[in-house]
Structure formats: structure tokens, C-alpha cells
Asker: 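The structure is given below, and queries will be raised subsequently.
Just so we're on the same page: letters track the sequence lines, and every chain starts at 1. We use all heavy atoms of the structure for the numbers below, so side chains are in, but hydrogens, waters and symmetry mates are not.
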Protein chains: 2
Amino acid sequence: MDRTEGFLKLNYKIWIETSTGVNILGEGKWQLLKTIRDTGSLKAAVEKMGYTYRQTWQNLKNIEQRLGFKLIEKSRGGEKGGETVLTAKGERLVAFFDRLYDEIEPRLNEAFENMLTDLNKIVD
Amino acid sequence: MDRTEGFLKLNYKIWIETSTGVNILGEGKWQLLKTIRDTGSLKAAVEKMGYTYRQTWQNLKNIEQRLGFKLIEKSRGGEKGGETVLTAKGERLVAFFDRLYDEIEPRLNEAFENMLTDLNKIVD
DNA sequence: TTTTGGTTATGCAAAAAAAGCATAACGGTG
DNA sequence: CACCGTTATGCTTTTTTTGCATAACCAAAA
């Protein structure tokens with residue numbers, strides 16, 4: 001019953017799912033894929049994002065299985081020990097999310113801002 | 001690697017959180033509150049929504065603690081065994097969500113629809 | 001005054017999910 | 001053909017979620 005928070009705000013998530021409602025991927029994996037693309041390594045990417053390798057590896061495997069195609073191409077060995085790069089479809093999916101957020105985010109933030117004053121009137 | 005799903009779609013969630021990012025409530029609790037309002041009973045509401053009483057009761061308690069005020073007023077005993085009604089602030093929060101979705105949903109669905117064709121081009 | 005009945009309240013056990021540790025498998029390179 | 005850094009994966013531990021069981025409550029009826 002003790003309210004230490006100053007105010008309330010609105011937030012949102014957008015994601016891709018199958019026609020039957022099974023989650024595929026959202027902002028987190030989108031950022032992850034971009035980091036993989038930039039680093040060329042799954043290990044480096046998860047460390048950069050603060051994720052655990054074990055879980056992320058499993059998540060990506062599940063996503064690809066649900067999609068029916070690969071988002072990343074992994075290889076072991078070599079000078080650098082191994083590497084991970086995006087597939088063509090992976091690249092296109094990242095680009096899609098880029099455009100999606102460019103499209104959605106500004107409008108949504110504007111709408112939220114308008115409603116926020118009303119929201120915080122309620123709690124006072 | 002077997003894709004049984006026909007196509008992909010976009011989905012989203014909107015919710016209220018504290019200034020520090022602690023979740024308060026989203027669509028599920030919004031609907032729950034409306035059902036409580038309509039039935040006058042927490043028990044009836046959770047059954048109608050397919051939720052478990054135990055968890056829902058705990059969730060509502062947590063939400064109220066985070067908000068710092070009550071959303072529902074509960075009483076035990078009496079002819080009907082007890083009842084639960086929305087407080088004034090609870091009513092206002094429900095009304096806020098009503099307006100929020102009226103405002104957001106149509107625009108978002110339209111934007112989604114435009115992008116969906118692009119998305120499904122990727123997977124083919 | 002006592003019983004009744006349907007609701008709210010909550011402890012506790014069981015099941016499921018997530019996190020994290022440890023270690024194997026790889027394979028190009030020197 | 002040994003090395004090294006990465007990918008791959010089993011398994012244990014921890015955390016979270018579910019769900020069962022049962023107490024507490026109290027206005028009205030008996």
C-alpha cells in the first residue's frame with residue numbers, strides 16, 4: 001500500500017507469431033540478430049546483450065524450427081574458432097523489423113504521450 | 001525444420017508500468033476488471049475468464065500494492081457469500097483502457113496489415 | 001442464537017520452466 | 001597433428017507457476 005513510484009507510463013511490445021499464435025520473435029531477438037550480424041559470433045553477441053549462451057542457442061533453434069528455415073549459419077573451427085552469420089532470410093527479417101519500428105514507434109509514442117496525462121490524473 | 005504454419009502475423013501488447021518499469025497491468029487484467037464489474041464477484045470472473053482463483057487473487061493484490069491504492073473492494077459473507085466491486089479508481093482505470101484501445105487498436109491494425117504482405121514475402 | 005452456504009483468503013505441495021554449470025565436439029590454422 | 005576459440009548439449013540447481021486443500025468470514029434464514 002506504499003506507493004514509492006512517482007508516476008505511471010505506458011509501454012508496448014510487438015512481435016511476429018504463427019497463424020496459430022505461437023510466438024516467433026520480437027524485439028529481443030531482433031536486437032540479438034543485429035548483434036550477431038555485427039560481431040559475426042553468437043558467443044560475442046550474447047555476451048554483449050547480457051544473455052546466456054545456453055538459452056539463446058536453444059531459443060534460436062526453436063525459432064528456426066517454427067519458421068521452417070534458418071536465420072543464421074553457424075560454423076565451428078578455424079582461426080577464430082568459429083563464426084555465425086545471418087542467412088539471406090535472416091537479413092531480410094532484420095530489415096523488416098527495422099522498417100516496422102520506424103513505422104510504428106513514432107506514432108505509438110505520440111499517442112501514448114497524449115494519453116499519459118489522463119492516466120496520471122487517475123492515480124492522484 | 002518442418003513448417004506446418006501457413007503464414008506469419010504481427011501481434012502486440014500494451015500495458016501500464018511504473019516509472020521504473022515494473023509491470024502494473026495490461027489487457028488481461030483490464031478484461032478481468034470488467035468481468036468483475038459485470039459479475040460482482042471475483043470467483044465468477046476468474047471462472048468466466050478461465051483463470052485460476054489463487055493466482056488471480058495474488059496478482060490483484062500485487063497490483064494494488066504497486067499502485068498504492070485499491071482497484072477492487074471485496075467483502076465476505078452475506079446472502080451471496082461475498083462480493084467484489086470496483087473502486088472509483090478501478091472504474092476510471094478501466095475507462096482509461098477502453099479509450100486507450102479505441103485510440104490505438106485501429107491505427108496499429110492498419111499499420112500491421114500494410115506490413116504483413118512484406119513480412120510474408122520474406123518467408124516464401 | 002445457531003446453522004447454512006457461497007464467497008474471499010491463504011498455506012503448502014507439486015509441477016513446470018528457466019538459469020547456469022560443466023564439458024564435449026569441431027575444424028581451420030600454424 | 002596439436003591448439004584455440006567457438007559452437008553444441010547434457011544435466012543439475014534454482015526459480016516460477018500451478019493447483020489442491022482448507023480456513024475465514026458474515027448476512028440471512030431457521
Side-chain angles (χ1 to χ4, degrees), chain A residues 1 13 15 17 21-29 31-67 69-87 90, chain B residues 1 13 15 17 21-29 31-67 69-87 90:
Chain A
M1 227 25 78
K13 273 188 197 311
W15 67 92
E17 61 184 30
V22 177
N23 183 282
I24 299 283
L25 104 184
E27 186 169 3
K29 296 297 180 305
Q31 298 294 351
L32 176 69
L33 289 175
K34 288 205 284 191
T35 308
I36 290 174
R37 180 189 58 192
D38 294 347
T39 59
S41 157
L42 177 54
K43 180 167 183 282
V46 299
E47 282 170 358
K48 208 164 191 173
M49 314 251 341
Y51 296 165
T52 68
Y53 183 92
R54 183 66 181 83
Q55 186 180 16
T56 303
W57 176 86
Q58 187 67 253
N59 287 341
L60 288 172
K61 194 177 171 186
N62 291 341
I63 288 169
E64 290 182 331
Q65 193 248 75
R66 287 170 194 158
L67 277 172
F69 57 84
K70 287 197 166 303
L71 293 174
I72 54 182
E73 203 62 57
K74 292 169 284 185
S75 63
R76 289 188 287 193
E79 183 176 28
K80 292 176 295 182
E83 66 171 0
T84 301
V85 298
L86 300 194
T87 64
Chain B
M1 224 31 74
K13 275 189 196 308
W15 67 92
E17 61 184 29
V22 178
N23 183 282
I24 298 284
L25 106 184
E27 185 168 5
K29 296 297 182 305
Q31 298 294 351
L32 176 69
L33 289 175
K34 288 204 285 191
T35 309
I36 290 174
R37 181 188 58 192
D38 294 346
T39 60
S41 159
L42 176 54
K43 180 167 183 283
V46 298
E47 283 171 357
K48 209 164 190 172
M49 313 253 338
Y51 296 165
T52 68
Y53 184 91
R54 184 67 181 82
Q55 186 180 17
T56 304
W57 177 86
Q58 187 68 254
N59 285 342
L60 288 172
K61 194 178 172 185
N62 291 342
I63 289 169
E64 291 181 330
Q65 193 249 75
R66 288 169 195 160
L67 277 172
F69 57 83
K70 287 195 166 304
L71 292 174
I72 54 182
E73 203 63 58
K74 292 169 284 185
S75 63
R76 288 188 289 192
E79 183 175 25
K80 292 176 294 182
E83 65 170 359
T84 301
V85 298
L86 299 193
T87 62

Asker: Both A:Gln58 and A:Gly77 contact DNA chain D. Which one's nearest nucleotide lies toward the 5' end?
Answerer: A:Gly77
Asker: B:Leu71 CG to C:dT8 P: how many Å, rounded?
Answerer: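 In whole Å, C:dT8 P and B:Leu71 CG are 16 Å from each other.
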Asker: Say whether, by atom type as modelled, one donor and one acceptor occur between the side chain of A:Glu73 and the main chain of A:Val85 under 3.5 angstrom.
Answerer: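 No.
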Asker: Over all heavy atoms of both residues, which pair between B:Arg66 and B:Asn23 is shortest? Give the atoms and the distance, please.
Answerer: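 For B:Arg66 versus B:Asn23, the nearest heavy atoms are NH1-O, 3.0 Å.
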Asker: How long is the line joining NZ of A:Lys70 and P of D:dT7, in whole Å?
Answerer: 14 Å
Asker: 5'-most contact on DNA chain D: B:Gly81 or A:Leu42, nearest heavy atom basis?
Answerer: A:Leu42
Asker: Is it true that atom NZ of A:Lys48 has more than 12 heavy atoms of other residues, nucleotides or ligands lying nearer than 6.0 Å?
Answerer: no
Asker: Contact class for B:Gly78 vs. all strands (heavy atom < 4.0 Å): base, sugar-phosphate, or nothing?
Answerer: base
Asker: Quick one: closest heavy-atom pair of B:Ala45 and B:Ile36, and the distance?
Answerer: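 It is CB-CG1, 3.6 Å.
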Asker: Is it true that a side-chain atom of B:Ser75 and a backbone atom of B:Gly82 form a donor plus acceptor pair closer than 3.5 Å?
Answerer: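 Flag not set: sc B:Ser75 to bb B:Gly82 has no pair under 3.5 Å.
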Asker: Whole angstroms only, please: what is the NZ-C1' distance between A:Lys74 and D:dA8?
Answerer: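 Going from A:Lys74 (NZ) to D:dA8 (C1'), I get 8 Å.
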Asker: Please state how far atom CD1 in B:Ile36 lies from atom C1' in C:dT8, giving the value in whole angstrom units.
Answerer: 12 Å
Asker: Between D:dC25 atom P and B:Glu79 atom CD, what is the distance in whole Å?
Answerer: 21 Å
Asker: Give the rounded distance in Å between these two atoms: CD of B:Glu83 and P of D:dC26.
Answerer: 13 Å
Asker: Roughly how many Å is it from NZ in A:Lys43 to C1' in C:dG20, rounded to a whole number?
Answerer: 15 Å
Asker: Can you tabulate the close N/O pairs, meaning under 3.5 Å, that link protein atoms to atoms of nucleotides 19-24 of chain D?
Answerer:
{"from": "D:dA24", "atom 1": "N3", "to": "B:Arg76", "atom 2": "NH1", "distance (Å)": "3.4"}

Asker: Do you know which two heavy atoms are closest between A:Thr84 and A:Lys74, and how far apart they sit?
Answerer: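 Scanning both residues completely, I find the closest heavy atoms to be OG1-CG, 3.3 Å.
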Asker: Holding to side-chain hydrogen bond (donor to acceptor under 3.5 Å, both in side chains), I want the full list of residues that pass it with A:Glu17, two or more places apart in sequence or in another chain.
Answerer: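 With neighbours one apart ignored, the set is A:Trp15, B:Asn11.
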Asker: Atom NZ of A:Lys80 and atom P of D:dT7: how far apart are they, to the nearest Å?
Answerer: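 Atom-to-atom, A:Lys80 to D:dT7, this comes out as 10 Å.
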Asker: Which nucleotide in the list C:dT8, D:dT9, D:dA28 gets nearest to the side chain of A:Trp57?
Answerer: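 The answer is D:dT9, which lies nearest to the side chain.
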Asker: Does OP1 or OP2 of D:dT7 have a side-chain N or O of A:Ser75 closer than 4.0 Å?
Answerer: no
